[in-house]
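These notes concern the structure reproduced below.
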Amino acid sequence: MAPRPVEPEDIWQELRRHTQARIGLGRAGDAQPTRSVLEFRAAHALARDAVRRPLDVDHLVRGVAGLGLGEPVVVTGRATGRQEYLRRPDLGRQPADLSQIPCSRAEVGIVLCDGLSSAALAEHGVPLLRALADVIGEHRSIAAPVIATRARVALGDHIGAAMGVQTVVVVIGERPGLSVAASLGVYLTHLPRPGRTDAERNCVSNVHPPEGLGYIEAARVVDALIDGAHRLGRSGVELKAGPGPDRPVIEGHVAP
């Protein structure tokens, strides 16, 4: 009786424990194993659903209101529906109506946007907002939150200007990938106004614990960037996260 063939050692097994990337998928003849193909198709379906699924606004409003930060205001971009929003990014940067936003004159305003992954905002929006309020609220005033649907990052500049805040923090669903379909990005703009460019804001991305950045860690980095922006007088390319969560880099030097 012929001996059973020895299974080859899986040299990728240890590395897979530390990454969500698809590595060492193996092979079945001249193709991938069936399991790998099915996992890929499932991930692709999750990413498509995350992009196309509309946000459950009522559920998010209840969750945000329960934090006690003030009654949230809901606004939309100018796109008339999800399909137009996906085809016309420019409409997501323009508000349909901001007349319901009160001018609070608080130091910081926080805007929750569905972006390209409403699933990310539904899953992580409320706990991240709680962390931001706990960390930033220790030493700065925060306006009542705003929820924006069919929104792109630049819509936050219009909202922040209407709120009258010194700094606007936009929490938005990031473009889904085949490894992560529900991840949030946080964009900070100091002295927001319509016409600000991407070079004038800072981004903290990949917020989706437990695999990605945690809520408190993200909130501490955002808080440090706000402090740095207030000292510098602006946000953007000259303001970067430093080697520690409480030490932003300003104009190439670690802040004291």
Side-chain angles (χ1 to χ4, degrees), residues 41 43-61 63-64 72-102 109-126 128-129 143 145-165 167-208 235-237:
R41 291 181 178 177
H44 186 255
L46 288 173
R48 287 173 61 90
D49 288 347
V51 170
R52 298 180 181 276
R53 188 177 73 187
L55 179 68
D56 186 342
V57 178
D58 293 338
H59 180 75
L60 183 60
V61 166
V64 171
V73 176
V74 179
V75 301
T76 66
R78 289 182 58 191
T80 57
R82 191 70 180 173
Q83 291 303 317
E84 185 178 44
Y85 166 77
L86 294 175
R87 293 194 306 267
R88 294 283 306 275
D90 57 310
L91 296 180
R93 302 182 185 108
Q94 300 292 327
D97 182 16
L98 299 181
S99 61
Q100 299 300 313
I101 295 180
I110 302 177
V111 184
L112 305 178
C113 301
D114 52 1
L116 291 175
S117 177
S118 59
L121 190 61
E123 181 176 352
H124 302 294
V126 172
L128 177 56
L129 175 61
V146 173
I147 297 172
T149 63
R150 302 192 293 273
R152 303 279 178 165
V153 173
L155 185 62
D157 297 333
H158 297 263
I159 296 172
M163 297 169 81
V165 295
T167 307
V168 66
V169 175
V170 174
V171 176
I172 190 167
E174 295 181 315
R175 185 185 306 275
L178 294 175
S179 297
V180 181
S183 178
L184 289 177
V186 185
Y187 290 81
L188 175 147
T189 308
H190 191 59
L191 303 179
R193 66 172 185 270
R196 289 291 194 192
T197 68
D198 289 341
E200 295 176 288
R201 39 182 145 258
N202 298 89
C203 176
V204 179
S205 64
N206 206 37
V207 183
H208 60 97
S235 54
V237 295

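The shown structure was predicted, so the numbers you read here are calculated from the model rather than taken from an experiment.
Side-chain contact check for R82 versus D114: some heavy-atom pair is nearer than 4.5 Å. No side-chain heavy atom of T149 sits under 4.5 Å from any side-chain heavy atom of P54. Side-chain contact between P95 and V75 is absent, with no heavy atoms from C-beta onward closer than 4.5 Å. The shortest side-chain heavy-atom distance between V207 and H124 does not fall under the 4.5 Å cut-off. Residues T189 and V170 have side chains not in contact (no heavy-atom distance under 4.5 Å, counting atoms from C-beta outward). Using a 4.5 Å cut-off on side-chain heavy atoms (C-beta onward), I172 and L121 make no contact. At a threshold of 4.5 Å between non-hydrogen side-chain atoms, the residues P89 and R152 count as touching. The closest side-chain heavy-atom distance from V168 to I159 is not below 4.5 Å.
To the nearest 0.5 Å, atom CZ of residue R201 and atom OG1 of residue T167 are 13.0 Å apart. One finds the CG atom of L129 at 11.0 Å from the CG atom of L184 (value rounded to the nearest 0.5 Å).
Side-chain atoms of Y85 come within 3.5 Å of backbone N or O of A151 as a donor-acceptor pair.
In this structure, L188 and S235 approach most closely via the heavy-atom pair CD2-CB, 3.7 Å.
Of the candidates D56, L55, V57, H59 forms a side chain to side chain contact (heavy atoms under 4.5 Å, CB included) with just one, namely D56.
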Stepwise, does the side chain to side chain contact (heavy atoms under 4.5 Å, CB included) test hold for L116 with L86? CA-CA 8 Å; L116 291 175; L86 294 175; 3.8 Å; yes

